[in-house]
Number of protein chains: 2
Amino acid sequence: MTKRQKPPKYSWAYVAVDIVVLTVRDRRLQVMAIRRGRKPGLGGLALPGGFVHLDEDLETAARRELREETGLEVDFLEQVKTYGAPDRDPRNRTFGVLYLAVMPNLPEGAAGTDADDAQWIPVDELLATDLPFDHHDMLVDALERARAKLEYSPIAASFCRPTFTIGQLRQVYEIIWGVGLDPANFSRKTRSVDDFLVETGDTVSEGPGRPARTYTVGSATVLNPPINR
Amino acid sequence: MTKRQKPPKYSWAYVAVDIVVLTVRDRRLQVMAIRRGRKPGLGGLALPGGFVHLDEDLETAARRELREETGLEVDFLEQVKTYGAPDRDPRNRTFGVLYLAVMPNLPEGAAGTDADDAQWIPVDELLATDLPFDHHDMLVDALERARAKLEYSPIAASFCRPTFTIGQLRQVYEIIWGVGLDPANFSRKTRSVDDFLVETGDTVSEGPGRPARTYTVGSATVLNPPINR
DNA sequence: CAAATAGTGTCTCTTAGACAGTATTAT
DNA sequence: ATAATACTGTCTAAGAGACACTATTTG
């Protein structure tokens, strides 16, 4: 897998990818964490991630590490930022490329976590634990990115299953932004965004209340007009 | 300068920084380019940049390379994206961390380009030349970032000298967005943004027309409300 | 004086948000 | 029936953009 190359002439380094995978479960924003099997931070929680192979793209490495460490396959994956403080890894000079991934709340087991050491944990709980390296900063930065992207990108749909209701979409916004949104205005607003939502023609009924129309995400890459906080 | 470390155990790589420095000169958006002294792309233009030292932060490396290769000192510097395609550098596995920098149009010579091989060139001209590595993609990505940030960040002020008029600020927007903006509405709009502009109390007269009030940039990090295109 | 730029006034049209009211379900 | 959710209607206030008009300079 890992090819050889000539010994380094200049300052060399390891390059790793780390991934913040977000989902909404039990009405809370949750993040995928793994239990570390080695020092530093042995036994504690950390973000999934690992070294990039020699013949591998960054995004490919992120997907591979995610699959290996958590068993997850994500549809939304985006580079956030690269961390390069000289002492960020006490062992060797290592650069960390952070990725943000987003998943729907799939039923436990279905493409879920085969890996024993992987678990969903509410974001605020993980933020309160002692994370190794600069994983705390990474989590904060990824969250900020996700919050910002809700406004102008269809990323919220990545938190939903392929077919979803506007109520489900609204909950994503409410939970991630931590605010309450007027259902009536939110419905009008999202439907008015060009190519954001595509009506399926079906409706679903979940619990009491009028059945909701279902939608799939459209071709829009930018929300125009944006959904303001 | 470059410390030693133990020989690599896993896939190692070189890490470089590349910088897109933008300014507005002669009413055009221009970018700093250097003439390459080695292959690949020998004799052609390229973005300034170079390898990160072992004991150096990424941003520090970007500032150092910029100083060494172009003699420039910038105030605005921001990480954009990291490029990691396995074949992006034909010689060795090299990751490239892209930075966006912005400068005012300083009078030629003053903290200008000591370096012979560095030059300002209009962005569209550099885009039309044959750039080495993935510098073309980098330039496109940096431009998109700059255009987007005009809307919601005070980055436009970084294109201006410490004290500037609203007319000068408007020109930055017009040139970078490639659109015409209504001077009256633009003036009202920018002045209404919280903590964006701070009046100096002075006015300056450049050519014909009523003298303009001058401003310095305020404490705002986010423009609220934003300046829409 | 004319031409050019800075800045104010005002009008119109669109949109965001508040909130009342109607539709349709589970229990 | 009651409660809960989905969705429509409507009003109000704020904001964006068009554009006329005033202010102050250079030549």
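Order of the sequence lines fixes the chain letters, A, B, ..., with proteins taken first and strands second; residue numbering starts at 1 for each chain. Any value given below was found using the heavy atoms of this structure, including those in side chains, with hydrogens, waters and symmetry copies removed. Please read these numbers as outputs of a predicted model, since none were measured by experiment.
First and last contacting nucleotides of DNA chain C toward chain B (any atom under 4.0 angstrom from a heavy atom, 5' to 3' order): dA4(C) to dT10(C). First and last contacts of DNA chain D with chain A, using any nucleotide atom under 4.0 Å from a protein heavy atom and ordered 5' to 3', fall at dA4(D) to dT10(D).
Each of Ser192(A) and Thr214(B) was matched to the nucleotide of DNA chain C holding its nearest heavy atom; the match closer to the 5' end belongs to Thr214(B). Both Pro211(A) and Pro226(A) lie close to DNA chain C; mapped to their nearest nucleotides by heavy-atom distance, the more 5′-ward contact belongs to Pro226(A). Residues Gly209(A) and Arg188(A) both approach DNA chain D. Their nearest nucleotides, taken by heavy-atom distance, put Gly209(A) toward the 5′ side. Residues Pro183(A) and Pro225(B) each lie close to DNA chain D; by heavy-atom proximity, the contact nearer the 5' end of the strand is made by Pro183(A).
Exactly one of Glu59(A), Glu56(A), Glu69(A) qualifies for a side-chain hydrogen bond (donor to acceptor under 3.5 Å, both in side chains) with Arg64(A). That residue is Glu56(A).
In the model, Thr200(B) has a side-chain atom that pairs as donor or acceptor with a side-chain atom of Thr214(B) under 3.5 Å. Side-chain contact annotation: Asp18(B) with Tyr83(B), donor-acceptor N/O pair under 3.5 Å absent.
With sequence neighbours excluded, the residues forming a side-chain hydrogen bond (donor to acceptor under 3.5 Å, both in side chains) with Asp124(A) are Arg28(A), listed by chain and number.
Arg213(B) comes within 4.0 angstrom of sugar-phosphate atoms only, judged by non-hydrogen atoms across all strands, and of no base. Looking at heavy-atom distances under 4.0 Å, Ala184(B) makes contact with a base.
Between the CG atom of Asp134(B) and the CG atom of Leu139(B) there is a distance of 11.5 Å, given to the nearest 0.5 Å.
Ring planes of His135(A) and Phe133(A): tilted class, angle from 30 to 60°.
Aromatic ring centres of Phe186(B) and Tyr173(B): separated by under 6.0 Å.
In this structure, Thr70(B) contributes its side chain and Ala118(B) its backbone to no donor-acceptor pair below 3.5 Å.
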